[in-house]
Amino acid sequence: MKTGAEVVVIGAGIAGLAAARLLHEAGKEVRVVTRELGEASRVPDALLNPVRGKRGVVAPEAEEALEALWDFYPRFGPVRRGILRPVPEADRGGWKGKLEGRRIPHQWLEEGLYLENAGWLETTPLLHRLAEGLDILYAEVERLEHNTLYLRTPEPRTLQAGLVVYAGGASGAHLVGLGGRFTPGSVLQTQEHFKQARSYGVYVAGHSLGGSYLPHRQTYTPHQTEPHEIEWLLSEAEKLLGYRPAYSSSWAGVRYRLDPHYLKEIPGGYALTGFGSAAYFYAPLYAYRLLKRIQGKS
């Protein structure tokens, strides 16, 4: 088995796999090191949403991120277009002001704001397609020192990288010591399938009801869905839909957030991480930027 690679990507969530796929397609020798495929990116369905929260905040670099994600994701699977934001009449003036002058296709309907160039996708099929043909080593990185990875295996083992890309998210953030915030949250897997994504307070898309975010933490701790989260999600869904959807299971994870720079130089390479709940929205844009930066140093 090879003991090194031109580029070693730590983490196989959406950021790591997007970066590894683009680098692989550019002819780089890439190895991905991860505990499991997807990790915290295996939320059942992910929104691609440029206008966020109940205040209608337009995401930074929204236009560039939309262009990049529509260029990237459809090559690997279906992406469903459109998100309906049922904004109350009293708040629509403020939302319209924030969208003024922005190149974000949208319409104001009787029900609210329809973002025609936003969308959603099923994550698991996408992650598997992105992983096809990549050199993936399933192991835990115990320590990272510049270009040397120390792996937790039955026998001590190291892996040398010409360049390291850390894309491990919350569970491995200690490896690069960037600080940041750790936000636990949950998604319910609904029995009903929502082809039309709706988002205000919580969101529904596919078989997902999501949007629970507990208070930030300063360090990573694994999360399990709590009863009060389920009740909150269902009560907010009732406001959004007019009823409480039936659910069959739940997903729990911890989102890692760095403001505002998602691509940082670290000793031995780069950190591509810290997207929080917007990972699927921003991952293609920053993966393309990482590729350009690496090609510029070749």
Side-chain angles (χ1 to χ4, degrees), residues 1-42 64-65 68-69 71-73 75-76 123 126-153 156-178 180 256 258 261-275 279-280 282-298:
M1 185 178 288
K2 292 184 293 184
T3 59
E6 182 181 2
V7 181
V8 173
V9 176
I10 301 174
I14 185 57
L17 289 176
R21 173 55 57 187
L22 289 177
L23 290 165
H24 175 75
E25 291 178 348
K28 301 292 184 182
E29 181 197 25
V30 182
R31 169 168 269 194
V32 179
V33 180
T34 185
R35 291 184 305 177
E36 59 181 345
L37 185 66
E39 300 184 297
S41 293
R42 289 196 90 129
E64 295 91 338
L69 69 86
D71 179 68
F72 184 73
Y73 289 136
R75 296 199 286 125
F76 303 98
T123 63
L126 171 67
L127 295 169
H128 282 281
R129 284 292 304 278
L130 289 173
E132 286 179 5
L134 295 181
D135 177 10
I136 300 180
L137 171 63
Y138 290 96
E140 183 175 357
V141 180
E142 188 172 37
R143 194 165 83 255
L144 174 64
E145 294 183 1
H146 296 270
N147 299 78
T148 303
L149 289 74
Y150 293 83
L151 306 182
R152 183 170 293 164
T153 54
R157 181 180 173 190
T158 60
L159 182 65
Q160 291 295 129
L163 185 118
V164 172
V165 176
Y166 174 76
S171 63
H174 63 280
L175 295 171
V176 285
L178 293 175
Y256 179 47
L258 287 171
H261 304 296
Y262 305 131
L263 179 58
K264 297 176 182 287
E265 289 199 29
I266 59 173
Y270 298 94
L272 180 69
T273 190
F275 300 102
Y280 279 88
Y282 282 117
L285 173 63
Y286 279 85
Y288 279 121
R289 289 180 176 177
L290 172 69
L291 173 62
K292 289 181 180 179
R293 196 173 293 191
I294 291 174
Q295 288 176 327
K297 289 191 174 183
S298 299

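The first residue of the sequence shown is numbered 1, and numbering continues consecutively from there.
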Minimum heavy-atom distance between [X] and [Y], given as atom pair plus value:
X      : Y      : answer
Ala271 : Ile266 : CB-CG2, 3.8 Å
Ala19  : Leu272 : CB-CD2, 3.8 Å
Gly13  : Leu127 : C-CD2, 4.3 Å
Gly133 : Arg21  : N-NH2, 4.4 Å

- May I ask you to decide if the ring planes of Phe72 and Phe76 are parallel, tilted or perpendicular, using 30° and 60° as cut-offs? tilted
- Ring geometry between Tyr262 and Phe275 (parallel below 30°, tilted from 30 to 60°, perpendicular above 60°):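 Phe275 and Tyr262: tilted rings.
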- Set of salt bridge (Lys or Arg N to Asp or Glu O under 4.0 Å) partners for Glu64, sequence neighbours left out: none
Output side-chain donor-acceptor pairs under 3.5 Å for residues 167-176, partner residues at least two apart or in another chain, one line each.
{"from": "Ser171", "atom 1": "OG", "to": "Arg35", "atom 2": "NH2", "distance (Å)": "3.0"}

Report yes if the side chains of [X] and [Y] come closer than 4.5 Å at any heavy-atom pair, otherwise no.
X      : Y      : answer
Tyr270 : Leu163 : yes
Arg42  : Leu37  : yes
Ile14  : Thr123 : no

I'd like to know if the side chain of [X] and the backbone of [Y] have a donor-acceptor N/O pair within less than 3.5 Å.
X      : Y      : value
Glu29  : Glu6   : yes
Arg143 : Thr148 : no
Tyr73  : Tyr280 : yes
Asn147 : Gln160 : no

- Message: Atom NE2 of residue position His128 - does it have more than 12 heavy atoms of other residues, nucleotides or ligands inside 6.0 Å?
- Response: yes
- Start with the C-alpha distance between Arg157 and Leu137, add both sets of side-chain angles, then the distance that settles side chain to side chain contact (heavy atoms under 4.5 Å, CB included), and finish with yes or no. CA-CA 12 Å; Arg157 181 180 173 190; Leu137 171 63; 4.0 Å; yes
- Item | Evaluation steps, side chain to side chain contact (heavy atoms under 4.5 Å, CB included), between Val30 and Leu134 | CA-CA 8 Å; Val30 182; Leu134 295 181; 5.6 Å; no
